[in-house]
Amino acid sequence: MSLYPLIRPFAFVLDAERAHRLTIQALKLVPPHRPPDLPESLRTQVAGLDFLSPVGLAAGFDKDAEVPEQMLSLGFGFVEVGTLTPRPQEGNAKPRLFRLREDQAVINRMGFNNRGQASAFDRLQQCSHSRGIIGVNIGANKESADRIADYANGVRAMAGVADFLTINISSPNTPGLRQLQDEGALGELLSAVREARPPKGPPIFLKVAPDLGEGEPDQIVRVALQYGIDGLIVANTTVSRQQLKSPLAGEQGGLSGAPLKPLALKALRDFRAASGGELPLIGVGGIATADDAWERIRAGATLVQLYTAMVYEGPGLAHRIALGLAQRLEREGFASISEAVGSAA
Ligand SMILES: Cc1cc2nc3c(=O)[nH]c(=O)nc-3n(C[C@H](O)[C@H](O)[C@H](O)COP(=O)(O)O)c2cc1C
């Protein structure tokens, strides 16, 4: 039985960022162990990597790569650490993380607070990388005069310790960052990133926003294919606000969790239509149950990720969702996840 329902009331009395910090500190005390066994049907290959489960931890929970192995031990098939910027930075003024309990949501305007790539590199070098896939999400410093150079430097700096790299240009909390999704800027960025990737370097994913205009998914897919990007992570948090009940709904920042679900699913469908299955897609945003994950896979996601639902349900959620996916595969007559990908697209 999960202990999380017992612990949650205490964690929820604390300020959200403090509770998060204490959670990371507590996880650091847990020695990494063998992840729980999972059915063979959940095994899947993406961009040459072998995933034991398609359910991953989204970026932002373990920004500084402090507990990736512990999260794998808890049942995540893969963990994305970061966002890490070349130089350490403080992020925005506190408070900057808000739980919207009535909406099963979170708003954050952290602003890429992190201790920088060099310190994470050292920690990742100590990881065994044998318990599952560890990806590294990279970003640009807020005050950087050349953001594209920050991404290229990040690729060079972190390629040696990452099973995959994610180029994050979709955070709403670094002013102007999302403009790198515009076709011209994106071409320039991805060309620099490709050049920076060492020979035989890790696959590179691009993480996009759910708030895109008509035609933008087509443009992004075109440029991503042109520069050999290995997959798209759809999507980051949204700046939109729809029918929220919580008194904190007016806080600025990116919204995640249940209210993001329809938007992230629509964005995934748009990217699947734009790519016709030619680019692996990773579905993220508001996934809280096996049914949510299953819907995303049937709509075209090869892998899924979550973060906010874990705040409400505890870290055992990833394993429960994975087992639920295996049941759905069996029930609907699919031998593996890859057979089910896009089966309702
Ligand atoms: C507190 C918080 C911090 C986040 N930080 C990052 C980040 O540094 N980089 C990133 O790419 N996404 C970040 N995200 C976005 C998540 O990775 C994910 O895309 C988004 O929350 C939607 O998934 P969810 O509804 O399951 O949380 C953050 C999300 C939250 C809630």
Side-chain angles (χ1 to χ4, degrees), residues 1-24 54-62 71 74-76 80 95-110 170-173 207 209-211 233-269 282-297 299 301 304-325 328:
M1 198 198 96
S2 164
L3 289 176
Y4 195 71
L6 302 175
I7 299 166
R8 187 174 44 204
F10 300 102
F12 272 46
V13 171
L14 298 172
D15 151 78
E17 189 165 349
R18 206 170 136 64
H20 176 254
R21 194 62 231 149
L22 284 175
T23 305
I24 298 274
V55 185
L57 177 61
F61 176 78
D62 189 8
M71 300 315 284
L74 285 166
F76 282 97
E80 187 174 323
R96 55 193 180 177
L97 178 60
F98 307 90
R99 284 179 300 236
L100 281 64
R101 292 181 66 167
E102 298 84 342
D103 303 295
Q104 298 282 296
V106 163
I107 290 177
N108 92 82
R109 51 170 180 271
M110 306 298 284
S170 46
S171 166
N173 300 314
K207 186 163 177 181
D211 311 309
I233 302 185
V234 187
N236 215 313
T237 55
T238 177
V239 290
S240 69
R241 298 287 185 269
Q242 284 140 359
Q243 297 170 356
L244 298 175
K245 298 183 218 76
S246 165
L248 297 170
E251 289 293 343
Q252 259 191 22
L255 173 72
S256 57
L260 172 59
K261 186 169 109 173
L263 212 63
L265 178 61
K266 182 184 179 303
L268 180 74
R269 292 202 162 116
I282 297 159
V284 49
I287 294 175
T289 64
D291 281 330
D292 296 340
W294 183 238
E295 188 175 34
R296 231 50 81 97
I297 287 166
V304 296
Q305 292 178 318
L306 60 89
Y307 178 172
T308 302
M310 183 179 68
V311 173
Y312 293 98
E313 304 290 337
L317 181 63
H319 188 231
R320 291 200 295 278
I321 291 182
L323 293 178
L325 283 175
R328 279 155 187 79

From Q305 atom CD to I233 atom CD1, the distance as rounded to the nearest 0.5 Å:
5.0 Å
Just by distance, do the side chain of Y312 and the backbone of A105 share a donor-acceptor pair under 3.5 Å?
yes
Heavy-atom closest pair, residues R99 and L248
O-CD1, 3.4 Å
Please walk me through it: do I297 and R328 pass side chain to side chain contact (heavy atoms under 4.5 Å, CB included)?
CA-CA 11 Å; I297 287 166; R328 279 155 187 79; over 6 Å; no
Just grab all the side chain to side chain donor-acceptor pair (under 3.5 Å) pairs involving residues 243-254, residues at least two apart or on different chains.
R109-E251
When D211 is tested against each of T237, T238, N236 for side chain to side chain donor-acceptor pair (under 3.5 Å), which residue passes?
T238
Which residues pass the salt bridge (charged side-chain N to carboxylate O under 4.0 Å, His left out) test with R21, not counting sequence neighbours?
E66
Once rounded to the nearest 0.5 Å, what's the spacing between atom CG of N108 and atom OH of Y307?
7.5 Å
What pairs meet the salt bridge (charged side-chain N to carboxylate O under 4.0 Å, His left out) rule with one or both residues in residues 255-269, with sequence neighbours excluded?
K261-D292, K266-D270
Please check this pair: side chain of R296 against backbone of G285, looking for a donor-acceptor N/O pair closer than 3.5 Å.
yes
For residues G254 and N173, report the shortest heavy-atom separation together with the two atoms involved.
N-OD1, 4.0 Å
Run the side-chain contact (heavy atoms from CB on, under 4.5 Å) test against A267 and tell me which residues pass, sequence neighbours left out.
V234
T289 OG1 to L325 CG distance, which is reported to the nearest 0.5 Å:
9.0 Å
Return the set of residues passing ring pair (Phe, Tyr, Trp, His ring centres under 6.0 Å) with F98 (not counting sequence neighbours), or none when no residue passes.
none
Considering all heavy atoms of both residues, which atom of S170 and which atom of A209 are nearest to each other, and what is their separation?
CB-N, 3.3 Å
To the nearest 0.5 Å, what is the distance between CG on D291 and CD1 on I321?
10.0 Å
May I ask you to test the F61-I24 pair for a side-chain heavy-atom distance under 4.5 Å?
yes
So, do W294 and V304 sit near enough that their side-chain heavy atoms are less than 4.5 Å apart?
no
Measure across M310 and L57 and return the closest heavy-atom pair with its distance rounded to 0.1 Å.
CE-CD1, 3.8 Å
Quick one: ring pair (Phe, Tyr, Trp, His ring centres under 6.0 Å) partners of H319, sequence neighbours excluded?
none
Can you confirm whether R241 is buried at CZ, in the sense that more than 12 heavy atoms of other residues, nucleotides or ligands lie under 6.0 Å from that atom?
yes
What is the minimum heavy-atom distance between S256 and T308, and which atoms define it?
OG-OG1, 2.7 Å
Heavy-atom closest contact (S240 atom, L255 atom, distance):
O-CD2, 3.7 Å
